[in-house]
Number of protein chains: 2
Amino acid sequence: MNRIDSKKNPTVKAIKKLTTPAGRKKANQYLLESWHLVGEALQHLPTTQINLILATDQQLLQHQAAFHDKNVTVISNEVAKELGATSTPQGIFAVVNIPKQRQFPQSLQGAWLLLDDVQDPGNIGTMVRTADAAGFTGVIFGDGTASQYNDKVLRAMQGSQFHLQLFRTDLLPLVKRLHQQNFPVFGTALDPNAQNYRDVQPISDFALVMGNEGNGMQPELLRQTTNNLYIPITGQAESLNVAVAAAILMFQLHQT
Amino acid sequence: MNRIDSKKNPTVKAIKKLTTPAGRKKANQYLLESWHLVGEALQHLPTTQINLILATDQQLLQHQAAFHDKNVTVISNEVAKELGATSTPQGIFAVVNIPKQRQFPQSLQGAWLLLDDVQDPGNIGTMVRTADAAGFTGVIFGDGTASQYNDKVLRAMQGSQFHLQLFRTDLLPLVKRLHQQNFPVFGTALDPNAQNYRDVQPISDFALVMGNEGNGMQPELLRQTTNNLYIPITGQAESLNVAVAAAILMFQLHQT
């Protein structure tokens, strides 16, 4: 069993680089933190390719059963602090290969969430987690939307990336194509002239597009949708948080 | 017009202390950051007592009209960075008096959100903002729930604290009293034996209780409610983010 005690160890330095977009791209790997996420990854072998598991003595002892046939590198608390995103890390990590994107389906089935230039990693991760809870089939990250391998996105997804199909693509040609295939695409707009979401009957196969936190959806994309929805605001708030709006719409539109 | 250029200035040091709970308590003041929030505070004078407005030259120029009869202290970018919560602050702040809590009403009217030991400031602020958007009357912070004057709570509320009644109290005696007054109190539970929220008809006067992120509502409190609701999860996610769950419930229960 390997052991790393110093945060100056070259492996630690290499792993630390996975917390940046450039480092992830270069290594084609990302870092998972916490037992919840590492445990989910272990349940999704071999689709998920784990390169390295790192655990403190305490974490190793606690999850012995799950690790019995795995090669675990034991790390000191100092190393855990160096790699962790918080000041009191749990002390368990996995280095995972970034998979090749699967072939994008010719046509979609089920409920899909499309993210158009969403910026905040917490919002993105929360929307993926909510899509999972609402029984959605997948989430499509439009160009401009932050990476699914960002540590804050990973934390907020709470493992839902293992339950859903995630893709990244340019949304404009996709929405045009869905429209041609008569697959309903609902846009979202802060516009009382759009359709009140409460007037839409729940359906099983559709796409819902959420836009950028400050600017909403791209105007070109709004023009390509089947229909645009709005959530009526009855108080004095100017708008809703994007992850909150997405949740209200997903649970209204998809009631299987 | 006063001017502060150095972050070592004693006033800057004193204001910086307002970013901690102890500092806020000692001074009985809190710090608002960003034009959106300072502008909302200016619209709510004299109920909101502003002690000091600090702005960079650029912000002063940009909001001259709003500041015409106000005493503004001009600050350097260095001071703005020292006081700001982010690395690129807007450069506008207000030091506001913490008001005495208003007399707690003998009986409640309208829709109220109750927060039972909610920890994450972003979740708390987002729930207050959503309650505002859903036309709620107020939010009651139960003991254990993070402070409404925490900078991350303030940022996520987006000014909704100026539109709603906010109180802090022990929830257990309150919920008992509401129950005696036949005021409906809905608890929330991750328990399929609870009532599916979709089976509840929208109503105008009620309280909705959201619990702690990890542990949910206190068991004693769950036993005191009129009814406990759950949101059916159809995918593989274990749970919903608390602010997401609150949003789904608030927009379902309160449809004025």
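Each chain gets a letter, A, B and so on, in the order its sequence line appears, and its residues count up from 1. Everything numeric in this text was worked out from a predicted model, so none of it was measured.
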Quiz item: Any residues in residues 124-142 of chain A near chain B, with a heavy-atom distance under 4.5 Å, and which are they?
Solution: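 Checking residues 124-142 of chain A against chain B gives A:Thr126, A:Arg129, A:Thr130, A:Asp132, A:Ala133, A:Ala134, A:Gly135.
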Self-check item: Interface residues of residues 243-254 of chain A facing chain B - heavy atom cut-off under 4.5 Å
Solution: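 Checking residues 243-254 of chain A against chain B gives A:Ala243, A:Val244, A:Ala247, A:Ile248, A:Phe251, A:His254.
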In terms of heavy-atom contacts, does [atom1] of [X] have more than 12 from other residues, nucleotides or ligands at under 6.0 Å?
X	atom1	result
A:Gln195	CD	yes
B:Gln201	CD	no
B:Lys70	NZ	yes
B:Asn228	CG	yes
B:Gln58	CD	no
A:Lys16	NZ	yes

Quiz item: Which answer fits A:Ile231, side chain, backbone, both or neither, if we ask what part of it has an atom under 4.5 Å from a heavy atom of chain B?
Solution: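 The answer is the side chain of A:Ile231.
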Self-check item: Region of A:Gln236 in contact with chain B, defined by heavy-atom distances below 4.5 Å
Solution: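 Its backbone and side chain both get close to chain B.
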Quiz item: Rounded to the nearest 0.5 Å, how far does CD of A:Gln255 lie from CZ of B:Arg198?
Solution: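 The CZ atom of B:Arg198 sits 4.0 Å away from the CD atom of A:Gln255.
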Quiz item: What residue in A:Asn241, A:Leu240, A:Ile233 has the most heavy-atom pairs under 4.5 Å with chain B?
Solution: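 Result: the option with the highest number of such pairs is A:Leu240.
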